[in-house]
Trainee: 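Structure provided below as structure tokens; questions to follow.
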Amino acid sequence: MSRDKEYDSIVIGAGHAGAEAALAIARSGHQALLVTMKRDAICQMSCNPAIGGLAKGQMVREIDALGGEMGIATDQTALQFKMLNRSKGPAMWAPRAQADKERYRKYMTLAIESEKNIDLTEDQATELIIEGKKVIGIRTLKGGEFFSKSAVITTGTFMCGLMHLGQQNFSGGRRGESPSIGLSDSLREHGFDVIRFKTGTPCRIEKSSIDFSKCEEQRGDEAPKPFSFRTEKINLKQESCWLTHTNQKTHEIIRNNLHLSPLYSGRIQGIGPRYCPSIEDKVVKFSEKERHQIYLEPESLSTTEFYVNGLSTSLPAEIQADFIHTIPGLENAKIIKFGYAVEYDCMPPTQLYHSLETKKIEGLFFAGQVNCTSGYEEAAAQGLMAGINVVRKLKGQGPFILKRSEAYIGVLIDDLVTKGTLEPYRMFTSRAEHRLLLRQDNADERLMAYGHHESLISKEVFEKRSEIWRNTKEIIQMLESKKINNVSLKKILRRSSESFKTLPISYLQSYNLTEELIRKVELDVKYEGYITRQSAEVKRFEKLEQRIVPKEIDYSKVHGLSREAAEKFSRIKPTSIGHASRIPGITSCDVSILSLFIVRHF
């Protein structure tokens, strides 16, 4: 590849973040170079082969509404679909799919290889080329120099990756793959803070060695709902998952061998995920529990490997075998791959703007686990947003930033760049103040106009969805106008005992009353009161967001501001009063002093 070719953007890493970033850039008509260390590991699911779940499922639907690929890829390749939280109100439902990791990888690889605006190269980025505080390219392990107008770093767990299995450790970002060396040193040289995090994965076992008669079968939904608003119907055969549990004998073996765990012997220095702990952590921190749930999940139709969800560990292989064989159904389990932990370099995300562009180097964006997050969904969301913002910067447009009230993706990014994180960040519904507005069923209404505007959603798809939104509003207006005994059908439908199908709706025959349209009408009517109140809260919140904080403020000259507040404001550079108020450790007094200073001097 010639040295004089300049790309619009270089994307470093082809995991879930890198793939979404590259596709967003290329589909917007710009030339992207995607650099991966291993071509046949694009979007590899190195941990749990699943997509979605609580809050994460909502995020996948948001990715889809914006024009990302994760939802469609899942609909085309998954093994099982399940809508979680059905025992609660529909506003809390969340889609989840057990993915076929091989089919998913192949689907995403084909999507990238088929995109004419993406050049894919198998190499390793080792150094940034910076000119006047602006990124202009990269140098690679194979001696290449590639030039671009921007770059997106999506290195996952590979930067200085170090894997641990018992008392052994060896370099690598994932089993069987080399670490990325040099890039984090290059980032340090340009003034970036770098920290160390860790994650882990459980063993994989041979299907034929599992005694399923001792486990509880977990079936998928009979009528599965797709992730993508562009998927008409799921036609895939569904596979079962299986539930079993650890017991006191399991825990005893683990407790007796904690000194051999790199996590407890001090060999691992990185901080691990609180909400996805290892089995060692569970046994120690929840010692009162007699057992822990273990889900046995198929990884692919092309392999006989089962993923042992809930049993992440880095204990020595022989100890793993001992405690696994105490679990019902796994007494004779054949272990194909043992669990391990991996430490890696990542970048405190407070070094970013909300666009995911770095504050120190213009044109340089970070997305995915490099931003201290965990999970495929969080990574894909950041990759898509970084890709969109790369394109907007190339066009000379302002950044695309989702509000906290608009999307879980907005909550994710605002949390990262405003608050930072002391552990791998994972999205939960509890993180969103306005979660009744951020339902999985209305992600298209909230976000698809943005995806269409950014040329990632076709006119045909947008118009088809727009018709459903219009029909929903028209039907609700009609329900409000029609009355029985002076009570509108809309008020009747709002009752918990009533449903759309119990109403006299003969006058609605002109509409194509699909299951989706009926469900949308019911949800909008039944949650109208809650939504109205939450919308009012959003308006009050947005008043703070609209009060802009000028970039040129010298916080050391803001009289009365505490030294701590001045340091945090200088480092994080809040863009609004609302943004400033969410910074950890900032008091209402600090915010008032800043507001008054802006009024007087700007």
Side-chain angles (χ1 to χ4, degrees), residues 16 45 47-66 68 70-71 74-75 78-99 199 202 218-221 224-229 234 241 243 272-277 282 286 292-295 297 307 309-312 368-369 373-382 384 402 404-416 421 423-444 446-447 519 523 527 530-531 534:
H16 301 276
M45 292 183 173
C47 199
N48 188 4
I51 297 292
L54 303 181
K56 290 170 174 277
Q58 284 90 328
M59 236 178 347
V60 177
R61 301 214 90 196
E62 292 174 354
I63 291 167
D64 182 74
L66 289 169
M70 178 173 268
T74 304
D75 290 344
L79 295 170
Q80 185 193 90
F81 294 83
K82 211 164 193 175
M83 189 67 74
L84 306 183
N85 259 1
R86 280 190 179 274
S87 60
K88 298 182 180 179
M92 302 304 293
W93 292 2
R96 181 189 186 274
Q98 188 64 28
T199 189
Q218 307 287 300
R219 295 176 178 270
D221 293 339
K225 301 294 186 294
F227 275 94
S228 177
F229 294 100
I234 300 294
C241 297
L243 174 65
R274 182 192 314 182
Y275 301 105
C276 189
K282 290 180 186 177
F286 305 100
H292 295 284
Q293 289 184 332
I294 302 296
Y295 286 94
E297 301 168 333
Y307 180 89
N309 191 350
L311 214 61
S312 177
Q369 279 185 278
T373 62
S374 68
Y376 311 134
E377 303 84 357
E378 288 88 344
Q382 293 172 71
L384 176 60
L402 289 171
R404 296 180 70 91
S405 57
E406 287 184 298
Y408 275 97
I409 296 174
V411 175
L412 165 71
I413 294 175
D414 186 59
D415 277 355
L416 291 172
T421 181
E423 61 194 24
Y425 181 101
R426 178 180 176 181
M427 178 53 69
F428 292 100
T429 53
S430 59
R431 296 191 191 273
E433 311 91 305
H434 313 297
R435 51 188 172 273
L436 277 181
L437 302 179
L438 310 182
R439 306 190 307 272
Q440 58 86 24
D441 65 281
N442 70 357
D444 58 334
R446 291 186 276 118
L447 303 176
R519 189 168 62 249
L523 278 171
Y527 284 91
Y530 300 106
I531 291 169
Q534 203 153 93

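Numbers for residues simply follow the sequence, beginning at 1. Everything numeric in this text was worked out from a predicted model, so none of it was measured.
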Trainee: Under 3.5 Å, side chain of Gln80 to main-chain N/O of Gln218, donor-acceptor pair present?
Mentor: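 Side chain of Gln80 to backbone of Gln218: a pair is present.
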Trainee: How are the rings of Phe286 and His292 set relative to one another: parallel (under 30°), tilted (30 to 60°) or perpendicular (over 60°)?
Mentor: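 Rings of Phe286 and His292: perpendicular, as their planes differ by over 60°.
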Trainee: Keeping Thr429 on the side-chain end and Ala55 on the backbone end, is there a donor-acceptor pair under 3.5 Å?
Mentor: no
Trainee: Closest approach of Ile51 and Ala99, non-hydrogen atoms and distance?
Mentor: CG1-CB, 4.5 Å
Trainee: Any heavy-atom pair between the side chains of Lys56 and Glu378 that's under 4.5 Å?
Mentor: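 Of all side-chain heavy-atom pairs linking Lys56 with Glu378, at least one is under 4.5 Å.
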Trainee: Could you check whether any side-chain heavy atom of Leu416 comes within less than 4.5 Å of a side-chain heavy atom of Gln382, counting everything from C-beta outward?
Mentor: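 With C-beta onward as the side chain, the pair touches.
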Trainee: Counting only heavy atoms from other residues, nucleotides and ligands, does the tally under 6.0 Å from CZ of Arg86 exceed 12?
Mentor: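 More than 12 heavy atoms, drawn from other residues, nucleotides or ligands, come within 6.0 Å of this atom.
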Trainee: Which atom pair, heavy atoms only, marks the closest approach of Ala50 to Gln98?
Mentor: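 Scanning both residues completely, I find the closest heavy atoms to be CB-OE1, 4.0 Å.
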Trainee: What's the separation between atom CG in Asp75 and atom CD1 in Ile234, rounded to the nearest 0.5 Å?
Mentor: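 Reported to 0.5 Å precision, the distance equals 4.0 Å.
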Trainee: Report yes if the side chains of Glu297 and Leu79 come closer than 4.5 Å at any heavy-atom pair, otherwise no.
Mentor: no
Trainee: Is the backbone of Asn48 close enough, under 3.5 Å, to the side chain of Tyr376 for a donor and an acceptor to pair up by distance?
Mentor: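 Yes, because the side chain of Tyr376 sits within donor-acceptor range (under 3.5 Å) of the backbone of Asn48.
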Trainee: Considering residues at least two apart in sequence or located in another chain, which fulfil the salt bridge (Lys or Arg N to Asp or Glu O under 4.0 Å) criterion with Lys225?
Mentor: Glu515
Trainee: Judged by atom type as modelled, is there a donor-acceptor pair below 3.5 Å linking the side chain of Asp64 to the main-chain atoms of Phe229?
Mentor: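 Answer holds: yes.
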Trainee: Within the 4.5 Å heavy-atom criterion, are Asp415 and Thr421 side-chain neighbours or not?
Mentor: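 No, every pair of side-chain atoms sits at 4.5 Å or beyond.
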Trainee: Tell me every residue that passes side-chain contact (heavy atoms from CB on, under 4.5 Å) with Asp441, counting only those two or more places apart in sequence or in another chain.
Mentor: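 Result, side-chain contact (heavy atoms from CB on, under 4.5 Å) vs Asp441: Arg439, Leu523.
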Trainee: Of the non-hydrogen atoms in Val411 and Ala432, which two are nearest, and what is the gap between them?
Mentor: CG2-CB, 4.0 Å
Trainee: How far apart are the closest heavy atoms of Ala380 and Ile63, and which atoms are they?
Mentor: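 Residues Ala380 and Ile63, closest heavy atoms: CB-CD1, 3.8 Å.
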Trainee: May I ask you to decide if Leu438's main-chain N or O and Gln58's side chain share a donor-acceptor pair within less than 3.5 Å?
Mentor: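 Here the side-chain-to-backbone pair does not exist.
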Trainee: Going from CG on Leu436 to OH on Tyr530, what distance comes out if it is rounded to the nearest 0.5 angstrom?
Mentor: 8.5 Å
Trainee: What are the two closest heavy atoms between Ser312 and Pro277, and how far apart are they?
Mentor: CB-O, 4.4 Å
Trainee: Below 4.5 Å, heavy atoms only, C-beta onward: do Tyr425 and Arg431 meet side chain to side chain?
Mentor: yes
Trainee: As an exercise, state the distance from CG of Asp444 to CZ of Arg61, rounded to the nearest 0.5 Å.
Mentor: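 It is 7.0 Å, given to the nearest 0.5 Å.
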Trainee: Counting only N and O atoms by type, is there a donor-acceptor contact under 3.5 Å from the side chain of Glu62 to the main-chain atoms of Tyr408?
Mentor: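 Yes, Glu62 side chain to Tyr408 backbone: donor-acceptor pair under 3.5 Å.
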Trainee: Below 4.5 Å, heavy atoms only, C-beta onward: do Met427 and Glu377 meet side chain to side chain?
Mentor: no
Trainee: With side chains defined as the heavy atoms from C-beta onward, is the minimum distance between Leu66 and Ile409 less than 4.5 Å?
Mentor: yes
Trainee: Atom CD1 in Ile294, atom CG in Leu243: separation rounded to 0.5 Å?
Mentor: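 So the gap between those two atoms works out to 9.0 Å.
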Trainee: Any donor-acceptor pair under 3.5 Å linking the side chain of Asn85 with the backbone of Met92?
Mentor: yes
Trainee: Taking side-chain contact (heavy atoms from CB on, under 4.5 Å) as the test, write out the residues that go with Glu406, two or more places apart.
Mentor: Leu402, Lys403, Tyr450
Trainee: Within the 4.5 Å heavy-atom criterion, are Pro95 and Phe81 side-chain neighbours or not?
Mentor: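 In short, these two side chains do not touch, never coming nearer than 4.5 Å.
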Trainee: What are the two closest heavy atoms between Ala407 and Leu447, and how far apart are they?
Mentor: CB-CD1, 4.0 Å
Trainee: How long is the gap from OG on Ser430 to CZ on Arg435, to the nearest 0.5 Å?
Mentor: 6.5 Å
